[in-house]
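Heads up: the structure comes next, in structure tokens.
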Amino acid sequence: MVSHKRKIDPSRDTLKITNGKEYLESLRGRGLDVYLFGEKIKDPVDHPVIRPSANALAETYDLGVSNPDLATTVSPYTGERISRFLHVCMSAHDLVLQNKMQRRLGQLTGTCFQRCVGMDAFNSLFSVTYEMDETLKTNYHQRLISFLTMMHKLNGVVGGAMTDVKGDRGLAPHEQSDKDLFVHISKRTKEGVYIKGAKAHQTGTVNSHWMIVMPTMRLKKEDKDYAVIGAVPVDAEGITYVCGRQSCDTRSQDEGTIDVGNAKFGGSEAMVLFDDVFIPNEFIFMDGEYDYAAMLVERFTTYHRRSYVCKSGVGDALIGAAAAVSEMNGVPKVSHIRDKLVEMSHLNETIYGTGIASSYQGHPTKSGCYLCDDMLSNVCKHHVTRFPFEISRLAQDLAGGVVSTLPSEKDLNHPEIGGLLKKYLKGSDKFTAEERIRILRLIENMTMGRNAVGYLTESMHGAGSPQAQRIQIQRLMQVEYKKRLARVLAGLDVDEERKDGLANELGQYFERVFKVEPN
Ligand SMILES: Cc1cc2nc3c(=O)[nH]c(=O)nc-3n(C[C@H](O)[C@H](O)[C@H](O)COP(=O)(O)OP(=O)(O)OC[C@H]3O[C@@H](n4cnc5c(N)ncnc54)[C@H](O)[C@@H]3O)c2cc1C
Ligand code: SF4
């Protein structure tokens, strides 16, 4: 009988990680139960298919070294420099810097660097636990701060586990034929709770040190056992990880560096199975308070939907690849090519513009931490469900059909046919065939290969499928107020009503839009 209690090893959990190399080292020898391709993997970080995703995360540490102002800040709890991914935003400026860091990392990795779900979980939990304690006289906020302090000492990676497998999407958690289709409390003891169920699509979870488990939707009284939030070390007893298969993933274990497209970086997701996993009281931040699940989900998605500014950084790399391949094809100055690059940039900057505006228009919560603007964050994420697809379409247009018919690296290096292939696959004399092929493989990687998971599917569904944003936009769009504006301009309402009515009617979003901040 296992105890389901992993002892927190102080020498490990307080050892501060300062760079990518130390981070990669910290992932070794942890004894996680990880499956990939039907096999249990000993050290995921050393598996050729998983390693690119650990490299992308390591880049978040290395950016902290090369550009500490952008990717680190000083912890209010330890007084030491920590990754910005662990920081709770205490100003709109903090929110903006998160976005700038995300765009930069998108540029540097060309993929998902996996660290934002935990960041957005911390930020949303900070205000939600504060407001829960204020009303319910619980002590979740202090527990969260203790956990945050521990993570700041470690400078670790925290995953955010929100999405349940959900079974029948038309039924609430308690209505499912199998209780485990949403993560729930299976047992309560004096020392803590045990949880059971599964979380789907967990980004970078095998590359994390801890994860925060959260409910995925608004809950009712009957769903009380599903209202659980807690932090668990990723190697807690009872957790099993099954890595997702990505298109072209085995290219990462092929010999050579061309066919893989992006030789160093990739993303990774896993299904996480919880079999009576113990969470001690000190790491529980919600236990049965179903009323607050909706507040948590709403605040989390508000942060997370503008975190998708990351895709503008990835888009920068793809636009660069499209421009480079046009040069290699010998047509960089042709007007429709330039126009398509302009269109791609326009779409990409629109994503960035709405995301960063959501952060600039952030506002303080009762806890003191800042929450970004919900309307603009939903608009940002909704753009992301569409624009990367259009940018990818244009990149494939400029690349030419060869982007999907290239021979393999082994054929290029073949003693008999390699020379001929290099002769026939060359474009402009200014570039070698290999240069052109490498850029084409990168476009393939980002638009239909391994990193299309991060650039396209994650853009579609991550932080909620498109309809989830439309529901929020509908809720926030203040159409009655807008109708009144029209009525006044059309001469239907008298001036007095305009003065009294419209001035008092600004409502949440427009109050933020028209708020004049002191200089
Ligand atoms: C690459 C990737 C990485 C991710 N990373 C994370 C992560 O790190 N952590 C995390 O917690 N989650 C993560 N997610 C999960 C993401 O938040 C979900 O994919 C998203 O919430 C949609 O859920 P689903 O995939 O179960 O889709 P489904 O719920 O199966 O939705 C499929 C379609 O059905 C519609 N639909 C579903 N239910 C209803 C309903 N009740 N009424 C009307 N329409 C409905 C949806 O709008 C959608 O169009 C990730 C997803 C991806 C693809
Ligand atoms: S998809 Fe973007 S926001 Fe989400 S974890 Fe990856 S890099 Fe961060």
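Just so you know, ligand 1 is whichever comes first in the structure, and atom 1 is the first atom listed for that ligand. Computed over heavy atoms, backbone and side chain alike; hydrogens, waters and symmetry mates excluded. Numbers here are sequence positions counted from 1.
Remark: minimum distance from atom 15 (C) of ligand 1 to any protein heavy atom is reached at T163 OG1, 3.1 Å. From the protein, the heavy atom lying nearest to atom 8 (O) of ligand 1 is T203 N, 3.0 Å. Of the protein's heavy atoms, G160 O, 3.0 Å lies nearest to atom 9 (N) of ligand 1. Annotation: atom 41 (N) of ligand 1 to nearest protein heavy atom, R169 O, 3.1 Å. Scanning the protein heavy atoms around atom 52 (C) of ligand 1, the nearest turns out to be H201 CB, 4.0 Å. Closest to atom 23 (O) of ligand 1 among all protein heavy atoms lies K166 NZ, 3.0 Å.
Inside a 4.0 Å radius of atom 2 (C) of ligand 1 there is at least one protein heavy atom. Put simply, atom 26 (O) of ligand 1 has protein non-hydrogen atoms near it, under 4.0 Å away. Distance remark: protein heavy atom present below 4.0 angstrom from atom 38 (N) of ligand 1. Less than 4.0 angstrom separates atom 32 (C) of ligand 1 from none of the non-hydrogen atoms of the protein.
Near M162, the atoms of ligand 1 lying under 4.0 angstrom from a non-hydrogen atom of the residue are 10 (C), 11 (O). Listed by number with element, the atoms of ligand 1 under 4.0 angstrom from any heavy atom of A463 are 17 (O). Residue H461 approaches ligand 1 through these ligand atoms, each under 4.0 Å from one of its heavy atoms: 16 (C), 17 (O), 18 (C), 19 (O), 20 (C), 21 (O).
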Please report, to 0.1 Å, the donor-acceptor pairs under 3.5 Å made by any side chain of residues 67-74, with sequence neighbours excluded.
{"unit_1": "N67", "atom_1": "OD1", "unit_2": "L70", "atom_2": "N", "d": "3.3"}
{"unit_1": "T72", "atom_1": "OG1", "unit_2": "P68", "atom_2": "O", "d": "2.6"}
{"unit_1": "T72", "atom_1": "OG1", "unit_2": "R81", "atom_2": "NH1", "d": "2.7"}

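Only side-chain heavy atoms of V117 come within less than 4.0 Å of ligand 1; its backbone N, CA, C and O stay farther off.
The shell of residues lying under 4.0 angstrom from ligand 1, judged by heavy atoms, excludes G170.
With D374 as the fixed residue, the salt bridge (Lys or Arg N to Asp or Glu O under 4.0 Å) test singles out one of K381, R305, R512: R512.
Residues Y194 and F278 place their aromatic rings such that the two centres sit under 6.0 Å apart. Taking the ring centroids of F126 and H141, they lie under the 6.0 Å cut-off.
Scanning S465, A468, P466 for the heavy atom closest to atom 47 (O) of ligand 1 points to S465.
A salt bridge is defined here as a Lys NZ or Arg NE, NH1 or NH2 lying under 4.0 Å from an Asp or Glu carboxylate O, and D225 with K187 fails to meet this definition.
Judged by distance alone, the side chain of K166 and the main-chain N or O of P173 form no donor-acceptor pair under 3.5 Å.
Applying the ring-ring contact (aromatic ring centres under 6.0 Å, His included) criterion to F300, with sequence neighbours excluded, gives H304. Legend: residues meeting side-chain hydrogen bond (donor to acceptor under 3.5 Å, both in side chains) with N207, ordered by chain and number and at least two apart, are S53, Q114.
Any N or O atom pair closer than 3.5 Å counts here, and A161 shares no such pair with ligand 1.
Here 1 is the count of protein N, O or S atoms positioned under 2.8 Å from atom 2 (Fe) of ligand 2, waters not counted.
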